[in-house]
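Owing to the predicted nature of the structure, the values given are computational and were not obtained by experimental measurement. For ligands, and for the atoms within them, numbers begin at 1 and follow the listed sequence.
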Amino acid sequence: MRSFVAGIVTETNTLSPMPTGLADFVPTRPSDPAPKDGSLEAFELAAAAAGDTLIRGTTSSAMPGGVTVRSAYETMRTRLLEELEAAMPVDAVFLPLHGAMVAEGYDDAEGDIITHVRERVGPDVKIGVHIDLHCHLTDAMLDGCDALVIYKEYPHTDMADRATELYTMIADAHAGRTRPTMGLFDCRFMGIMPTNPQPMRGFVDAMMAAEGSDGILSLSLGHGFPWGDVPDSGARMLAVVDGLQVENGEAYAAQVAEDWGRRFFALRHDVAVKPLTMDDALDRAVQVRSEARGASGPVVIADQADNAGAGAASDSTFVLRRILEHKIEGCALAMTWDPIVVHVAKAAGVGARLQVRLGGKMGPTSGDPLDLDVTVAGVEDDLVQLWPQTDGKLPSPAGDCVHLVVHGFVGDAAGPDVDVIVTSRRGQVLGLEPFTAFGIDLTPDRIVIVKSTQHFHAAFGPIASEVIYMAAPGAVAPLMTSIPLERADLHKFPWVDDPFGDA
Ligand SMILES: [Zn+2]
């Protein structure tokens, strides 16, 4: 099999104040090595194992942010199509995408990409699409491809495994061994669902156990991306069945999707994160720590509302302000995006004591800047985070980082000190390195605050004495009913308890 792979990858928070431009997309060009443990490497390894030819185009990825600029999107789409045409003839095309990209004039950028690729290659070439579970699933996406496989795990530790499965599915279809046929069901649900705890753990395990029997090739739950305010948002269940094994493949796929979608919906009251308010979360953390449960690690608080990975600025100051006001001891916080403070702190050097105006620069959802009395305790250029995956650790560049020991507000610097990691590059906490690289021990006497919704959990969950999800103010309000949605169809849970009306 001779195939082509390229993609455009970002998740669009349509409520974010920051446009996503061409310079925000980092390209992995055909001549670059595929990032370790990611989907591109998985496609390469699968092709090599099969003795196939895989031609790589450019795959560009941007940190989630606001709506992608039209010219940026169209420029990347043109390049993808030109690279595809240069690689033709091909038997198959693999598209690693995100699934929740919105560009100016394009609510469904992925559907648009897939449609254009189909126009170029014609009806007989197999197209396989690999996306994040925080996706909007649309008819245009399904109509244009042969098979679509979505990550099952959140944190996303299974990107490579799902890419390998998709490769096999498309290769089987190309060889005529199967005929992938897809069905979709709108679960009428919106929420954020980690897959580590029950009942989601059991649901994901059950999906995997059902694959390979009764003509089912693949099951995926698209969780949806609540901060992408588009008509097709929300959770949807996708089934891929083998049209050669079953009668009336399309009807059967639709039935399987509905059966599994309703099975998921029945869990609706128990699957989503229920974050505490900021004050309750901090109180809880202090209480858990005081109970000294014999845990080996710190109490971990997720500042979900300021997660760069969902499009927030990650420079909000609400939590740090509250910690300083309440003089809570032993806190460490990562990572606040403030390139100016990084610049100033690096220039001053390790050991310098100075005043900085930190964070709160990107608008009302970031809060006010804080004038702080700090000591520069460490500098790390080009810090790399290692994000635990199924078979390794995915390196993620975190920019130039500085460790500030914050003694308090200017004029009130009596402590207790707070360790704050400031970065030059907007990004969420994925690994332990933002702390450990600076010698901040993750011990039971610490309260660690990470700007992340759930991806922190792969590294921090195993060591935390408790993980506390927090709904501080911010751009990624974790309570669904407080997101200012205007275009999404809200005839779904949690706005309506039983939108199917069969209770
Ligand atoms: Zn995701």
Side-chain angles (χ1 to χ4, degrees), residues 7-16 20 35 37-39 42 59 61-66 68 95-102 109-110 129-138 141 148-163 166 187 189-197 200 203-204 207 220-230 232-238 264 271-273 302 304-312 314 385 387-390 394 396 426-431 450-459 461 469 475-478 480 483:
I8 305 171
V9 186
T10 193
E11 176 183 70
T12 301
N13 181 332
T14 59
L15 310 167
S16 167
T20 304
D37 299 311
S39 57
T59 294
S61 302
M63 175 63 60
T68 296
L95 298 172
L97 306 172
H98 186 285
M101 178 178 184
V102 177
E110 283 84 0
V129 177
H130 177 251
I131 60 174
D132 190 294
L133 56 79
H134 297 115
C135 57
H136 314 300
L137 285 173
T138 67
M141 291 165 72
L148 200 152
V149 170
I150 306 175
Y151 317 158
K152 287 188 172 67
E153 302 290 349
Y154 183 38
H156 304 325
T157 52
D158 63 332
M159 293 182 284
D161 290 345
R162 301 287 89 81
L166 177 65
C187 301
F189 174 95
M190 199 180 276
I192 288 294
M193 299 91 77
T195 55
N196 322 78
M200 277 305 287
F203 185 79
V204 172
M207 280 199 292
S220 294
L221 177 66
H223 290 207
F225 183 62
W227 302 275
D229 190 12
V230 294
D232 280 309
S233 63
R236 293 185 178 185
M237 187 74 210
L238 173 73
F264 164 74
V271 290
V273 167
Q304 298 189 295
D306 201 26
N307 173 20
S314 73
Q385 300 189 81
W387 186 19
Q389 299 285 299
T390 312
L394 193 61
S396 176
R426 196 170 65 87
Q428 74 173 306
V429 172
L430 298 170
V450 292
K451 291 181 184 290
S452 172
T453 302
Q454 178 63 9
H455 285 324
F456 72 95
H457 203 285
Y469 294 98
V476 197
M480 294 298 112
I483 305 173

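In summary, no N, O or S atom of His223 is located under 2.8 Å from the Zn ion (ligand 1).
Checked against the 6.0 Å centroid threshold, Phe189 and His223 do not count as a close aromatic pair.
Between the side chains of Glu153 and Thr195, a donor-acceptor pair is found at a separation under 3.5 Å.
The aromatic rings of His457 and Tyr469 lie parallel to each other, their planes meeting at an angle below 30°, with 60° marking the opposite boundary.
Of the candidates Val129, Thr59, Val9, Leu95 forms a side chain to side chain contact (heavy atoms under 4.5 Å, CB included) with just one, namely Val129.
When OD1 of Asp132 and NE2 of His156 are joined through the Zn ion (ligand 1), the resulting angle is 90° to the nearest 10°.
Its N, O or S atom nearest to the Zn ion (ligand 1) is what matters here, and for His134 that atom is ND1.
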